[in-house]
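See structure below.
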2 protein chains.
Amino acid sequence: MFQSVKLNKISENITEQIREAIFHGKLKPGDRLPIEKELMGKFEVSKGTIREALRSLEVLGFVDIRKGASGGTFVTEVDMNRVRDYFTNYLLFQNLSLTNLSEVRLILEPYIAEKAARLIKREDLKKLEEIVEQSEDTLNKGTSNKIEFHEFHRILGNISGNPILIFIVDFIEGLLIDTKNRLGAGNDFSIKVLNAHKRIYKALSKRDARGARIEMAKHVREVERNLVAIQKERRVGHYSRSVFGHF
Amino acid sequence: MFQSVKLNKISENITEQIREAIFHGKLKPGDRLPIEKELMGKFEVSKGTIREALRSLEVLGFVDIRKGASGGTFVTEVDMNRVRDYFTNYLLFQNLSLTNLSEVRLILEPYIAEKAARLIKREDLKKLEEIVEQSEDTLNKGTSNKIEFHEFHRILGNISGNPILIFIVDFIEGLLIDTKNRLGAGNDFSIKVLNAHKRIYKALSKRDARGARIEMAKHVREVERNLVAIQKERRVGHYSRSVFGHF
DNA sequence: CTATATTTGTACGTATGTATG
DNA sequence: CCATACATACGTACAAATATA
């Protein structure tokens, strides 16, 4: 299955081999790789080298490493969340503004809403209804978990059936979640979002494409307006200082 | 709400600290990190741990590790290309179709063209003109380097001034380049693209926002139509895992 | 060509977390 | 609840490869 090789960086080579095996379906999600000791034998390298390779695969999100009995290295479901998170943080530290974010949302989200209104199925509507109800519950309980708000948009993206669109929406919503967390938007804001989602849901349930598009556009603009206001009010603090000051 | 980050792994913790230092600008591109031995002292961990951390940062594209005398670990210019490639790989891994690609282009590109028509400056026009001329030259010489076509779209994206939009356009054009290469679109196709770009350029040079938008929309549709036709001819199916079918 | 600094790789140990009987 | 086996996590010491000056 694997070949023992000697090239530039051995650990990199091993990373590649395993990555390719995953891409080719030779290793499927859920599969467990051999334990370190066995890999040492198969690749004919030492433990440190194996560990560097596995760690690399881990940060790239290809495998999940668990320790303890019945632990080991497991091939994960392919998702780019891990890598994406590393860079969304970076983008937030760049000269990325709320306006930039909203501009892109305003291009995509109304389109997605309109398309969803045409393609939406009963089970999609049910899922959206559940999400809205859940949002309302957590909001009343004061536990205000804003993740549900973004789940609403993700579901709409999924209805589009376009993998690229789904990916971009995920990406954008991820950026927005980070932004909201930093700003610490309050309950009054959440209520507005909830009501907007209700209006969009209503339009979708009636298969009203135009209505869905218009409500979504209003919603995106409202979110921008409110977040910008919060941003002006509060001084946007930066993250705490790194322990890395002694360089 | 906030991820209770329990980093049970020391190496991960170190990766995180250095990453934050880079994001905060404490470590700038070109900076060299201390050598492994010193890092062992500063973080009070062993060499293996340090190396796992540095290797992680390397695969994420944050640092470049060079060996030999006056080698070491250097902070790299943060380029989104690295991440973009991972995203691209991920999407090609899905059953992505030409229609999916064109749908997203049709949402974004006309918008970008319209916005560009309003914001465009003399030097931007000059750059576009050069690109168009270059395309024509290489086309006449038969060397037909299609990269210039995509550069045209990238320049337009840059005029928007929105980092996210720029990122997405780069990403989409990257996917398209891959598609074209796979299909092997011929010269007749390239001529159509060139003419479309000329029409868009003309609209832009007149600051005709509506014209730019319309021409761009026509262009995107034409590209889709032609590529789909080629795809049918050659019976090249959707993307599949065979994309990675070269060991 | 010869030092030298630095990463790369090896070998073998202990510590820690986790499932299981 | 406890003991035990398993697998990763981490540590130490040393040898090799390699790029630079």
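A, B, ... follow the sequence lines: proteins, then strands. Residue 1 opens every chain. The structure displayed is predicted, hence computed values, not measured ones.
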Nearest-Å distance, CD1 (B:Ile10) to P (D:dT12)? 11 Å
Checking A:Thr49 now: which residues fulfil side chain to side chain contact (heavy atoms under 4.5 Å, CB included) with it, not counting sequence neighbours? A:Ile10, A:Ser11, A:Ile14, A:Val45, A:Ser46
Students often get this wrong, so: under 4.0 angstrom with heavy atoms, is B:Ile65 touching a base, only sugar-phosphate, or nothing? sugar-phosphate
Any A:Glu36 side-chain heavy atom under 4.5 Å of A:Thr73 side chain: no
Could you state the CG-C1' distance from A:Leu39 to C:dT10, rounded to the nearest angstrom? 16 Å
In whole Å, what is the span from the CG atom of B:Leu57 to the C1' atom of C:dT7? 16 Å
Report all interatomic pairs (protein N or O, nucleotide N or O of nucleotides 11-13 of chain C) with separations under 3.5 Å.
none

Phosphate OP1/OP2 of D:dG11 contacted by B:Thr49 side-chain N/O (<4.0 Å): yes
Return the nearest nucleotide to the side chain of A:Lys9; candidates are D:dT8, C:dT6, C:dT8. C:dT8
Give a yes or no on whether a salt bridge exists between B:Lys126 and B:Glu123, defined as a side-chain N under 4.0 angstrom from a carboxylate O. no
Aromatic ring proximity A:Phe152/A:Tyr201, centre distance under 6.0 Å: no
Residues that B:Thr76 engages under side chain to side chain contact (heavy atoms under 4.5 Å, CB included), provided they are two or more places apart: B:Asp64
What is the distance from CD of B:Glu36 to C1' of D:dC14, rounded to the nearest Å? 14 Å
Expressed in angstrom and rounded to an integer, what is the separation of B:Glu44 atom CD from D:dC10 atom C1'? 14 Å
For A:Phe189, all residues meeting ring-ring contact (aromatic ring centres under 6.0 Å, His included), sequence neighbours excluded: none
For residues A:Asn140 and A:Glu136, is any side-chain donor paired with an opposing acceptor at under 3.5 Å? no
Heavy atoms under 4.0 Å is the rule here; annotate nucleotides 16-21 of chain D 5' to 3' with B where the base is hit, S where only the sugar-phosphate is, and - elsewhere. --BBB-
Tell me the interatomic distance from B:Ile50, atom CD1, to D:dT12, atom P, rounded to whole angstroms. 12 Å
For B:Arg154, which residues count as a side chain to side chain contact (heavy atoms under 4.5 Å, CB included) partner, sequence neighbours excluded? B:His150, B:Glu151, B:Asp170, B:Glu173, B:Ile177
When rounded to whole Å, the CZ to C1' distance for the pair A:Arg51 and D:dC10 reads 7 Å
Whole-Å gap separating C1' (C:dT4) and CD1 (B:Ile35): 12 Å
Is the shortest heavy-atom distance from the side chain of B:Ser190 to the side chain of B:Phe149 under 4.5 Å? yes
